[in-house]
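Below is one structure, written out as C-alpha cells; the observations come after it.
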Amino acid sequence: MLCKTYAALAALIGVTVLSACDQPALNADQTDDGAVPPAERGVLLDLPPEARANPDVWPRSATPAAITDEASEARIDEILAQMTLEEKVGQTIQADISAITPADMAAYPLGSILAGGNSAPGGRNWAGAEDWVQLARDFRAAVEAREGARIPLIFGIDAVHGHNNVIGATIFPHNIGLGAARNPDLVGRIAEVTALEVAATGADWTFGPTVAVPRDLRWGRTYEGYGEDPEIVASYAGPVTLGLQGELRAGEVLGVGRIAGSAKHFLADGGTVDGVDQGDAPISEEELIRVHNAGYPPTIDAGVLTVMASFSSWNGVKITGNQTLLDDVLRGPLGFEGFLVSDWNAHGQIPGCTNESCPEAFNAGIDMFMAPDSWRPLYYNTLEQVRSGAITMERLDEAVRRILRVKIRAGLFETERPLEGRYDLIGAPEHRAVARDAVRQSLVLLKNDGVLPVRPDARVLVAGSAADNIGQQSGGWTLSWQGTGTTNADFPGATSIWGGIEEAVTSAGGTAVLSADGSYDEAPDVAIVVFGETPYAEFQGDLDHLAFADPEPLRVLRNLQEAGIPTVSVFISGRPMWTNPEINASNAFVAAWLPGSEGGGVADVLIADEAGQARYDFTGTLSFSWPRHALQTPLNRDMDDYDPLFAYGFGLTYDDDGALDALSEESGVSGDAANPDRYFVEGRFVAPWSLLLRDEGGDSRPGLAPSGESPRGNVAMRTVDGSAQESARALTFTGPARALAWGTAVDLTRQANGEMALLLRYRADSAPEGQVWLGVGEAEIDLTPFMAETGSWQEIKVRLSCFRDLGTNIAAVEEPFSLRADGPAMISFETARLASNEGDAICPAE
Ligand code: BGC
Ligand code: BGC
C-alpha cells in the first residue's frame, strides 16, 4: 500500500520510482480499469524541434493485412475483456532468463522472456539443446499454473548468425560476410535454417534481422550489418523476414519451423558519431530516411511481426523515447502493425527514467519493455502509472492488443510444437552445407599475385593463432555474448579453417602442417596465415581507429617471406581494417570476415582441385569500403571525397590480375592516437597494445585473445567479470613468469614530468606465495604489500617518475605495464592506464 501511494505520488510530481515494491502476486480485485483519467497518451518526453520527425516525408509500407483477421480480432477483444489490469501490464514486460525463475513466472503475469547473450539454462552458456527445450517447457508450465488468463509467453533469443547460443548449432557467417555475397536468396535460405534450429529448441522469436546500415567502421557492431550502403539491406530485409516467418496468411498461424522476427534497431543505430555504440546520430531527416530506414519498408511489407527500438539517439534524443519516430512514423507511413520491443534496459537511459520506471518510453510507442533484471519493479511501477493516468488505459490496451495479435499469428496459442525436441535439426548436415556455401560466397579476394589457388599436392604450412580457432572465426554472439571463452571442443560438428585446409590438401595427396607461430622443420611451398580480430560484441568492439593492433601476424608473415616462402593471408574480422603492412607481406590477401562454424568453405575456394584448377572462384565483393589509412572514417561510397584503398564493390576473381604495388605503411595514427596512456580498459587491450606472457620457456603472444598461457605454463590468463561482464583478466601464476602489455615504443617523458601515474585496478585472488611486481618499462616496484587484502577490487596509482628514477627508459617505453610473480599467485586486473596524480599517487620505492 505504501508502495502504491508513493509511486502514484512520485508519478504525479514527475519523480521516478526506484522500487522497493517487491510484493508477491496480486489478485484480480486490485484492478481498477475504470479509474483512468482521460489523456491521450499520458506523459511524454519533450522533444526539441530537430528530433521531431515529420511523417509526411516518409516512404510508405504496410504490414500485410493477413497479420490479423476478424476472428483473431474478436478473440483478442474477448481476451482483453477478461484480463485484469495486472495481466495487461504483465504482457508488456519481458524478463531475462538469468533473472526470473519459473516460480516467479507463475506468480507474476509477465508476457515474455528472453535469453540475452550471456543467459542460458542453468547459467551455463555451454548448455545443450535438451536444456533449452526443458527451460522453455518449465516456463510454459509456469504460465499454465497461473490463475486467470494464461496467455502464452513469447520467448525471444538472439539467433543472429544461426542459433548461436546453442551448442552444436549451425553458425553462419555474420551479416558482414553475407553482405559481401550479394545474394538475397542465400540470406533467405539461411533465415529458414535458423528458424528451424530455433524452433527445435522451443524458442519462438529471434531478435533479427539486423537492418542497421553501419556508417563508421569503428562501431563495434559493424559486422552485424550487411553493408554500409542502404541498397544491400533493402534487398535482404524482405527475404530474411520471409525466411524466418514465411508469408503471413489470414486465419492461419506461422508454418511449421517458422518463428517471429524482429527488425532492429529502429532507427539509425549505425549512424552514430564516430561509430560510438548507443551514441547519437546528428543527421537530417532526409539522411535518416534515405540511409538508415532502407531496411524497414521491405521487412514491414514482408510482415515482420516485431521491431526493436534502438539504444541510440537521433539529434540528441534517445529513440526509445521519441514518439514521433516510434509512433507517428512507424505506425503512420511505415504501416507497422506488429509490436515494438525496446532494447536491453534502454528505457533507463531516457532522461527522467530508470530501468525500473519509464512511462515515457511506453507512451512513446514501446509495447513491450525488455527489462532483463528490472522486470519486477518495472512491473509494479508501470501498474501504478496506469492507475495514476501517467499511462492511459487506451495506450495499454493498444500495446496488449498488438502483443496478442503477434502471439496468435505466431501460433503460440497452439499446443502442438511439432519441431520442438527435434535435436537432429541442430547442426544438421544440410544446414551446415548452406553455411559452407555462404562462407565460399562471402570471401573477398583483395590481392593475388598468382599464389592462389594453392595446388593441393603442395606442402602447405598453416600458421596464425586464428587458423584452428572456431570461436575466433565465429566472432561475438557465439555461445557467449562476447563470443569469448570457447575452445574448439565447444563446437561439435564444426570445422576450423585449418581443419578444412588439412582435409582438402591431404585428400589430394599434399601435406598440411599446422604451426600457430609459423615455425617449421621442413620449408613449405606456401604458407597460409590466418589471423585477425578476436571476438567482441556491442560497445566492447568500438575502436578509436582502424589500425590492426596485433603485431604478431606481421612478424610471422615477414619471417616467412624473408625465407622465400609465398604467403597467403586469411584475415578474420568484423570490419575492414588498415592492414597495409600485412597486405605488403602477403602474396595474396583474403578478407574472410567472421565465417562461423563451417571453416571448410575457405579451403573450398583457396585450394585447387587435383588438376590445379580452382574448385570455386571468388564471388564476394566488399559491402564496406576498405580504408587507405587508419583514420579514414567514416568512409562511405556516397561521400564527396571518397578515396578508399579498395572501393565498395571491389573483389578479385581468379581471372583478374591481382598483383598490387607496395602500399604505404603510414597508418596515419599519430603519437597520441597510439594511446600512450591507455593499455587495458573496458575489457580490452587498447591498440596498439596487446598481451604477452613470458616465462623461462620464452614468450607467447595471446595478443588480443581472451585466454592464453606462457610457453612453460607458468602463467595463464583468462577473461573474468569485473565491474562489468568480462571486463577483467585473471592471471594465475604457478611459477616465475611475467605478463606484459607490448606494442610499440612510446615516449612518456612529458607524462612522467607531469607526475602522471600508472593506475592499476586489480584484485588479489589469493595471497601470493612469493613476491609480485608491477612494472613500467624496465623498472618494477614490489606490489606484494598491496596484495594482502584478497577478493576485492582495489586501485593503486604509482607515479611514472618513480619508475623513471628506478631505471625505466622513459623516452622509449615498450612495455608500459607488466605484472610479474616469482611464485604461485593469482591476480586479476581490470584497468591499466595513466591517470593524473591527485595527490593519491605513490612511489613505494621511496
Ligand atoms: C542488443 C540487442 C539484443 C538484446 C538482447 C542488446 O544489448 O543491443 O541487439 O537483441 O541485447 O540480447
Ligand atoms: C547486453 C545484452 C547481452 C547481455 C548479456 C547486456 O549488457 O546488452 O545484449 O545479452 O548483456 O548478459
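Side chains are part of it too, since the values below use all heavy atoms of this structure and drop only hydrogens, waters and symmetry mates. Atoms within a ligand are numbered from 1 in the order they appear, just like the ligands themselves.
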Does the side chain of [X] reach to within under 4.5 Å of the side chain of [Y], using non-hydrogen atoms?
{"X": "Q134", "Y": "P121", "answer": "no"}
{"X": "F266", "Y": "S310", "answer": "no"}
{"X": "F311", "Y": "D269", "answer": "no"}

Suppose I only count heavy atoms of [X] and a 4.0 Å limit; which atoms of ligand 1 are within that range?
{"X": "F207", "value": "10 (O)"}
{"X": "R221", "value": "1 (C), 2 (C), 8 (O), 9 (O)"}
{"X": "H265", "value": "2 (C), 8 (O), 9 (O)"}
{"X": "G116", "value": "12 (O)"}
{"X": "K264", "value": "2 (C), 3 (C), 9 (O), 10 (O)"}
{"X": "W344", "value": "6 (C), 7 (O), 11 (O)"}

At under 4.0 Å between heavy atoms, which part of W481 makes contact with ligand 1: side chain, backbone, both or neither? neither
Select one of side chain, backbone, both or neither to describe which atoms of L114 lie under 4.0 Å from any atom of ligand 1, heavy atoms only. side chain
When you compare the side chains of D373 and N355, does any donor N or O come within less than 3.5 Å of an acceptor on the partner? no
Whether the N175 and T210 side chains hold a donor-acceptor pair (N or O, under 3.5 Å, no angle test) is what I'd like checked. no
May I ask which of D343, D269, N118 has a heavy atom nearer to atom 2 (C) of ligand 1 than the others do? D343
Mind telling me whether F369 and F362 have parallel, tilted or perpendicular rings, with 30° and 60° as the class edges? parallel
Do R575 and F624 form a cation-pi contact, if we require the NZ or CZ to be under 6.0 Å from the six-membered ring centre and within 45 degrees of the ring's axis? no
Any nitrogen or oxygen of E224, main chain or side chain, under 3.5 Å from a nitrogen or oxygen of ligand 1? no
